[in-house]
Trainee: 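My questions all concern the structure below.
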Amino acid sequence: MNNKRKWIWITLVLIIAVSILPSHAYATEVIPGIDLGDRSDPDRVWNTVNIILLITVLSIAPAILILMTSFTRIVIVLGFVRTALATNQMPPTQVLIGLALFLTLFIMSPVIGEVNQTALQPYLQGEISQSEALDNAAKPIKRFMLKQTREKDLLLFLEYSQAEKPSNVDEVPLTALIPAFALSELKTAFQMGFMIFIPFLVIDMIVASVLMGMGMMMLPPVMISLPFKILLFVLVDGWHLVVQSLLLSFNG
């Protein structure tokens, strides 16, 4: 009981001591702010703002990679392959993501090269302004996305925003093109995934029918069908066919 009273008195003394101390006694650090430089020099202020905007763009770079490139279709199809094989975590997710990234770089290399030639290099050499560089960079990206976007999906967002039907690539707004491109990529990826599932589904049905005919209903069919599915996938060189189909789907 005495120990309990002792700790109560110590706590009260500490609370009183903290409340009595002046604020400058423990507020030794100052919260840093954003220094825009000399406000009388517009160039320095604009450079600082550009750096802030660049950091903001880098923070949303994963979203740009997913929604404006071929990455979405590739990673979904590879995920369907793993699910159809029923190999749990083989290949690992890191392997599939890495393969999808390098395939994306390979497919997008012509677009990246055009952006570098028409926008990045002229801007770094001071030949064009920042706004002109952004416009030049958007054109090849828009052409790539429009080639893979269904007209139905694009019209959906154009009609919702009450925008006029564009007559050329330059008039297509990115705010409507990006979600339309994402929807088209999802549909194409699921169509390819369905075609991948069919042969493995046939194997599962055959194995299940054979086991049921033999009266082995307690044996999970997945345990028997898994080696056959892996064997079929290896014999037909499945990974080569999947990657080939992905590459041809973007050329079509």
Side-chain angles (χ1 to χ4, degrees), residues 50 53-81 94-158 161 163 165-193 239-252:
N50 281 340
L53 293 176
L54 179 61
I55 295 174
T56 304
V57 171
L58 291 177
S59 64
I60 62 174
I64 296 175
L65 172 65
I66 293 173
L67 296 180
M68 297 180 65
T69 65
S70 58
F71 180 82
T72 300
R73 183 189 305 184
I74 295 172
V75 75
I76 291 176
V77 171
L78 295 179
F80 269 116
V81 172
Q94 293 85 347
V95 175
L96 295 183
I97 296 297
L99 179 59
L101 284 173
F102 278 98
L103 287 176
T104 300
L105 290 175
F106 179 78
I107 294 172
M108 299 296 297
S109 57
V111 178
I112 297 174
E114 187 174 353
V115 170
N116 182 57
Q117 292 179 359
T118 61
L120 181 59
Q121 293 301 325
Y123 174 71
L124 294 177
Q125 296 174 5
E127 298 176 359
I128 58 176
S129 62
Q130 186 178 22
S131 59
E132 292 175 341
L134 292 176
D135 293 337
N136 294 342
K139 290 179 181 179
I141 298 176
K142 284 182 177 181
R143 285 197 296 268
F144 171 79
M145 290 193 292
L146 279 174
K147 190 177 180 182
Q148 309 299 330
T149 303
R150 296 182 302 167
E151 184 177 358
K152 178 181 178 181
D153 294 331
L154 182 58
L155 288 177
L156 170 65
F157 292 98
L158 290 176
S161 61
K165 189 175 181 180
S167 57
N168 52 54
V169 178
D170 298 335
E171 296 180 0
V172 179
L174 283 174
T175 53
L177 180 57
I178 294 175
F181 172 74
L183 284 182
S184 299
E185 288 293 282
L186 287 175
K187 180 180 180 181
T188 304
F190 273 73
Q191 288 176 339
M192 298 179 68
W239 290 113
H240 175 83
L241 293 177
V242 170
V243 173
Q244 183 183 21
S245 301
L246 284 170
L247 296 177
L248 293 177
S249 68
F250 286 101
N251 290 332

Trainee: Step through the shown structure and confirm whether more than 12 heavy atoms of other residues, nucleotides or ligands are within 6.0 Å of CD on E151.
Mentor: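 It does not: E151 CD has 12 such atoms or fewer within range.
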
Trainee: Please tell me if the side chains of I97 and F71 come closer than 4.5 Å, counting only heavy atoms from C-beta onward.
Mentor: yes

Trainee: To check you understand the geometry: which heavy-atom pair defines the closest contact between T72 and L67, and what is its length?
Mentor: OG1-N, 4.4 Å

Trainee: Do L101 and I74 have side chains that approach each other closer than 4.5 Å (heavy atoms only, starting at C-beta)?
Mentor: no

Trainee: Test of understanding: with side chain to side chain contact (heavy atoms under 4.5 Å, CB included), list the residues that count as partners of V81, not counting sequence neighbours.
Mentor: L85, I196, F233, W239, V242

Trainee: For the CD1 atom of I178 and the NZ atom of K142, what is their distance to the nearest 0.5 Å?
Mentor: 9.5 Å

Trainee: List the residues meeting ring pair (Phe, Tyr, Trp, His ring centres under 6.0 Å) with F190, not counting sequence neighbours, and say none if there are none.
Mentor: F80

Trainee: State which residues pass side-chain hydrogen bond (donor to acceptor under 3.5 Å, both in side chains) with S184; sequence neighbours excluded, sorted by chain then number.
Mentor: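 In terms of side-chain hydrogen bond (donor to acceptor under 3.5 Å, both in side chains), with neighbours along the sequence ignored, S184 is linked to D153.
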
Trainee: Between F106 and V243, is there a side-chain heavy-atom distance shorter than 4.5 Å?
Mentor: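 Side chain of V243 against side chain of F106, heavy atoms only: no contact under 4.5 Å found.
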
Trainee: Could you work out, with side chain to side chain contact (heavy atoms under 4.5 Å, CB included) as the rule, every residue matching L99, not counting sequence neighbours?
Mentor: L78, L103

Trainee: State, with a plain yes or no, whether a side-chain heavy atom of F157 is found less than 4.5 Å away from one of L183.
Mentor: yes

Trainee: Find out whether F144 and S70 are in side-chain contact, i.e. whether some heavy atom of one side chain is under 4.5 Å from a heavy atom of the other.
Mentor: yes

Trainee: Under the salt bridge (charged side-chain N to carboxylate O under 4.0 Å, His left out) definition, can you give me all pairs with a residue in residues 109-123, not counting sequence neighbours?
Mentor: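 Only E114-R143 qualify under salt bridge (charged side-chain N to carboxylate O under 4.0 Å, His left out).
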
Trainee: How many angstroms lie between CD1 in I107 and CZ in F250, if you round to the nearest 0.5 Å?
Mentor: 4.5 Å

Trainee: Could you check if a side-chain atom of M108 sits within less than 4.5 angstrom of a side-chain atom of L105, using non-hydrogen atoms only?
Mentor: no

Trainee: With A189, which residues qualify under side chain to side chain contact (heavy atoms under 4.5 Å, CB included), at least two apart?
Mentor: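 Listed in chain order: R73, I76, V77.
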
Trainee: With Q244, which residues qualify under side chain to side chain contact (heavy atoms under 4.5 Å, CB included), at least two apart?
Mentor: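 Q244 satisfies side chain to side chain contact (heavy atoms under 4.5 Å, CB included) with H240, L241, L248 only.
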
Trainee: Would you say M68 and L177 make side-chain contact, with heavy atoms under 4.5 Å?
Mentor: no

